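Predicted, not measured: the structure shown is a model, and the values here were computed from it. In what follows, residues are counted from 1 in the order of the sequence shown. Only heavy atoms go into these numbers, but all of them, side chains included; no hydrogens, no water, no symmetry mates.
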Amino acid sequence: MARTAEFYNDRRWLGWDLLCGMVGPEHALWDYLVRTGIDPAEILWFRDNPCPPDIIGVNYYVTSERWLDHRPERFPPHTHGILDGIHSADVEAVRVLATPSAGIAPLLVEAWERYGIPLAITEAHIDANREDQLRWLLEIWEAAKEVHGNGVDLRAVTVWSLLGAFDWNSLVTQNHGYYESGAFDVRSTPPRPTAVARMMREMSSGAPLSHPVLRGQGWWRRPGRWLCQPVATPDAVGSITADGHTLVGTDAAPLLITGASGTLGRAFAHICRKRNIAYRLLSRHDMDIGDAASVARALDLHKPWAVINTAGYVRVDDAENDVARCMRENAEGPALLAAACAARNIHLTTFSSDLVFDGAQDTPYVESSPAAPLGVYGRSKLEAERRVLDAHPGALVVRTSAFFGPWDKHNFVTQALQALERGDAFTATSDLVVSATYVPDLVHACLDLAIDGEAGIWHLANGGAVSWAELARLAADKAGIDASRLEAKPAADCGYVAARPAYAALSSERGILLPALDNALARYLELRNQHDPEMEELIRTMETRQPQAGGQRQMEQTTPEALQIQRH
């Protein structure tokens, strides 16, 4: 592919070469241009009438540098094509080369040496999770400072796109409503500044770049990015230890995650690992959030930049006769944790529930809707919201509902599908309306919000209002599973101890960040029967090292009250 690669490397300059009057018979692409049928005199007109730009703008993406390979069978079908008459693959170099490219810096030098015209980086953007947006911008900024210091007349770095972009991942060729935020997120009114905006302020003022996630490598520099066996031996850019901790760097401040025995805590650990965010997943033995001394010891030991609290009492019916323990785990513990985090300037994310509402309205609840819980569990969560935000106004309290996901076998949707696949009857309530939440979407959104430093109450769910029976039927229909043995019954026949709101659907006035339920179910079905070795190893490891405190494990956020519906 050498001749083809040389041709494309020459052609990338052609527009500027024409403007700068550099194209004549001696130019590498003169014959290429003449063969198109263009009158040579028209081409030479540009040489005789140059109009070089005042500034050359350079757009550079992680996918800009390409790898051409004459062995297309090594790569996915979408990379295949014919180049210069050769069946080949055209792949992002970052997906092939074991050693990442040097990035934009040498390309800026090349442009400067070729034209001697001032330059600007006019698009510094990547569609990625928030920490990788910051890491990409850091690479661009450091490259800009490097070449400027070496004599390249580089005038500006433009952070694009300031307000994000819709469907840019398909170059606006498809209308999926896919939104990637930029320095601002326009899903909030007014547009909400993200961590990118804070980083821009730091860069433009000369302040040190402060966010701890900048310590990690972006996905384009991490193992696992390749589409085939890499061309050379990769360098290690991070490691995962046996106890489930992702190490981004020995001096990287971690994210602390409570709730090691729960589904949500493990999901956060799993996704932090994939996103290369340093974390520590803590059990109750490691940090008991109801014990101020235990909290202080853990925070002072690990020195986190943020805490994600997924621990809590989740047995809604049992709470009616276990008031003291429910309040300790759900209200007193988070309040202690919030006060300790506030004293150390540590961001906190903790979780509340749709059960803080009484179900009296028939439209989705938003953050400012009046709360009026019907049972002990809901009261414990509402009390937690008040105490946490009083102790730590910078904390983020996420209300959510009805978890389902691909990594645990005990959530409502998974159990419904498994039963119906076996041909067993499955019972779910027909008159309790909720908004379902896909756990991976919830975790990604919470991590982005934590990185952004968001505070206050935020509703996160995958939209819509469905009864538990409707949710089971939707999942079965989408999976192509016969739902004829699904039995819908009213809540009054389920034998609940605690009252539930008849209507508890969630929406948000702060910004709807999670995709629609139909989209979430489709992605869940793609993953639910796939083995995920990393998650399986994480679960095994945490179960092995999980001690029993006083013979009882702390009840941590595992699954919603939906499980009690399923059991009936």
Checklist entry - Yes or no on side-chain hydrogen bond (donor to acceptor under 3.5 Å, both in side chains) for Asn411 and Thr414, after CA distance, side-chain angles and deciding distance? => result CA-CA 6 Å; Asn411 68 78; Thr414 297; 3.0 Å; yes
Item to check | Step-by-step side chain to side chain contact (heavy atoms under 4.5 Å, CB included) determination, Arg95 to Arg225 | outcome: CA-CA 6 Å; Arg95 297 290 192 185; Arg225 67 184 184 273; 4.1 Å; yes
Item to check | Residues Trp219, Val94; criterion side chain to side chain contact (heavy atoms under 4.5 Å, CB included); working and verdict | outcome: CA-CA 10 Å; Trp219 71 259; Val94 70; 4.0 Å; yes
Next on the checklist: Is there a side-chain hydrogen bond (donor to acceptor under 3.5 Å, both in side chains) between Ser181 and Arg187? Walk through the geometry before answering.
Outcome noted: CA-CA 9 Å; Ser181 61; Arg187 293 171 294 187; 4.8 Å; no
Checklist entry - Could you walk me through whether Asp288 and Ser294 pass the side-chain hydrogen bond (donor to acceptor under 3.5 Å, both in side chains) check? => result CA-CA 6 Å; Asp288 180 355; Ser294 176; 5.9 Å; no
Checklist entry - How far apart are the C-alpha atoms of Leu447 and Asn129, what are their side-chain angles, what is the distance that settles it, and do they pass the side chain to side chain contact (heavy atoms under 4.5 Å, CB included) test? => result CA-CA 9 Å; Leu447 289 173; Asn129 296 309; over 6 Å; no
Item to check | Derivation of the side-chain hydrogen bond (donor to acceptor under 3.5 Å, both in side chains) call for Thr400 and Thr437 | outcome: CA-CA 7 Å; Thr400 187; Thr437 305; 3.0 Å; yes
Next on the checklist: One pair to check against side chain to side chain contact (heavy atoms under 4.5 Å, CB included): Leu355 and Lys381. What are the steps and the verdict?
Outcome noted: CA-CA 8 Å; Leu355 295 184; Lys381 287 296 187 181; over 6 Å; no
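For the atom pair Leu264 CG and Asn309 CG, the distance stands at 9.5 Å (nearest 0.5 Å). Of the inter-residue distances, the one linking Tyr377 atom OH with Arg500 atom CZ reads 10.5 Å to the nearest 0.5 angstrom. Between Ser430 atom OG and Glu470 atom CD the span is 9.0 Å, to the nearest 0.5 Å. Atoms SG and CG, on Cys446 and Asp441 in that order, are 10.5 Å from each other to the nearest 0.5 Å. Interatomic distance, His78 NE2 to Leu227 CG, rounded to the nearest 0.5 Å: 6.5 Å. Expressed to the nearest 0.5 Å, how far CG of Asp167 lies from CG of Asn175 amounts to 5.5 Å.
The side-chain heavy atoms of Leu506 and Phe357, taken from C-beta on, include a pair separated by under 4.5 Å. A 4.5 Å side-chain heavy-atom check between Glu509 and Ser368 finds at least one atom pair inside the cut-off. Put simply, the side chain of Thr350 does not reach to within 4.5 Å of the side chain of Leu337, judged on heavy atoms. No side-chain heavy atom of Tyr178 sits less than 4.5 Å from a side-chain heavy atom of Ser170. Residues Tyr313 and Val376 are not in side-chain contact: their nearest non-hydrogen atoms beyond the backbone lie 4.5 Å or more apart. No side-chain heavy atom of Ser508 sits less than 4.5 Å from a side-chain heavy atom of Leu460. Side-chain contact check for Ile451 versus Arg275: some heavy-atom pair is nearer than 4.5 Å. Between Leu281 and Phe268, every side-chain heavy-atom pair lies at or beyond the 4.5 Å cut-off.
With Gln361 contributing its side chain and Thr363 its backbone, the two residues share a donor-acceptor pair below 3.5 Å. The closest donor-acceptor contact from the side chain of Thr258 to the backbone of Thr310 lies under 3.5 Å. The closest donor-acceptor contact from the side chain of Ser435 to the backbone of Gly464 lies under 3.5 Å. Checked by atom type and distance alone, the side chain of Asn462 never pairs as donor or acceptor with a backbone atom of Leu514 at under 3.5 Å. At distances below 3.5 Å, at least one donor-acceptor pair connects side-chain atoms of Arg485 with backbone N or O atoms of Gly423. Although no hydrogens or angles enter the test, the distance criterion places no donor-acceptor pair under 3.5 Å between the side chain of Trp468 and the main chain of Thr427. Between the side chain of Asp431 and the backbone N or O of Pro490, no donor-acceptor pair lies under 3.5 Å. Between the side chain of Asn276 and the backbone N or O of Gln217 there is at least one donor-acceptor pair closer than 3.5 Å. Tyr365 places no side-chain N or O within donor-acceptor distance of the main-chain N or O of Pro370, the cut-off being under 3.5 Å.
Looking at residues two or more places apart in sequence or on another chain, you find no ring-ring contact (aromatic ring centres under 6.0 Å, His included) involving His347. Applying the ring-ring contact (aromatic ring centres under 6.0 Å, His included) criterion to His302, with sequence neighbours excluded, gives no partner residue. Arg198 pairs by the side chain to side chain donor-acceptor pair (under 3.5 Å) definition with nothing, not counting sequence neighbours. Listed by chain and residue number, Trp407 satisfy the ring-ring contact (aromatic ring centres under 6.0 Å, His included) test with His270 (two or more places apart in sequence, or in another chain). Residues forming a side chain to side chain donor-acceptor pair (under 3.5 Å) with Arg297 (at least two apart in sequence, or on another chain): none. Listed by chain and residue number, Tyr179 satisfy the ring-ring contact (aromatic ring centres under 6.0 Å, His included) test with Phe166 (two or more places apart in sequence, or in another chain).
Salt bridge Arg284/Glu329: present, at least one basic N to carboxylate O contact under 4.0 Å. Between Arg528 and Glu421, at least one side-chain nitrogen of the basic residue sits less than 4.0 Å from a carboxylate oxygen of the acidic one, meeting the salt-bridge criterion. Arg280 and Asp286 are not joined by a salt bridge, as no carboxylate oxygen comes within less than 4.0 angstrom of a charged side-chain nitrogen. A salt bridge is defined here as a Lys NZ or Arg NE, NH1 or NH2 lying under 4.0 Å from an Asp or Glu carboxylate O, and Asp132 with Arg135 meets this definition. Under a 4.0 Å N-O distance rule, the pair Glu383/Arg386 qualifies as a salt bridge. A salt bridge links Lys478 with Asp518: the distance from a Lys NZ or Arg NE/NH1/NH2 to an Asp or Glu carboxylate oxygen falls below 4.0 Å. The pair Asp452-Arg192 counts as a salt bridge, with a side-chain nitrogen and a carboxylate oxygen less than 4.0 angstrom apart.
Annotation for Leu525 and Ala475: closest pair CD1-O, 4.2 Å, computed over non-hydrogen atoms. In terms of heavy-atom proximity, Ala360 sits nearest to Asp358 at N-OD1, 2.9 Å. For the residue pair Gly378 and Val356, the shortest heavy atom distance occurs at O-CG1, 3.8 Å. Closest non-hydrogen pair, Ile457 versus Glu367, comes out as O-CG, 3.3 Å. Across every non-hydrogen atom of Ala498 and Val316, the tightest pair is CB-O, 3.8 Å. The shortest heavy-atom contact between Ala278 and Ala252 is CB-CB, 4.3 Å.
The aromatic rings of Phe404 and Tyr524 stand perpendicular to each other, their planes meeting at an angle above 60°, with 30° marking the opposite boundary.
Remark: Asn345 CG is loosely packed, at most 12 non-hydrogen atoms of other residues, nucleotides or ligands lying under 6.0 Å away.
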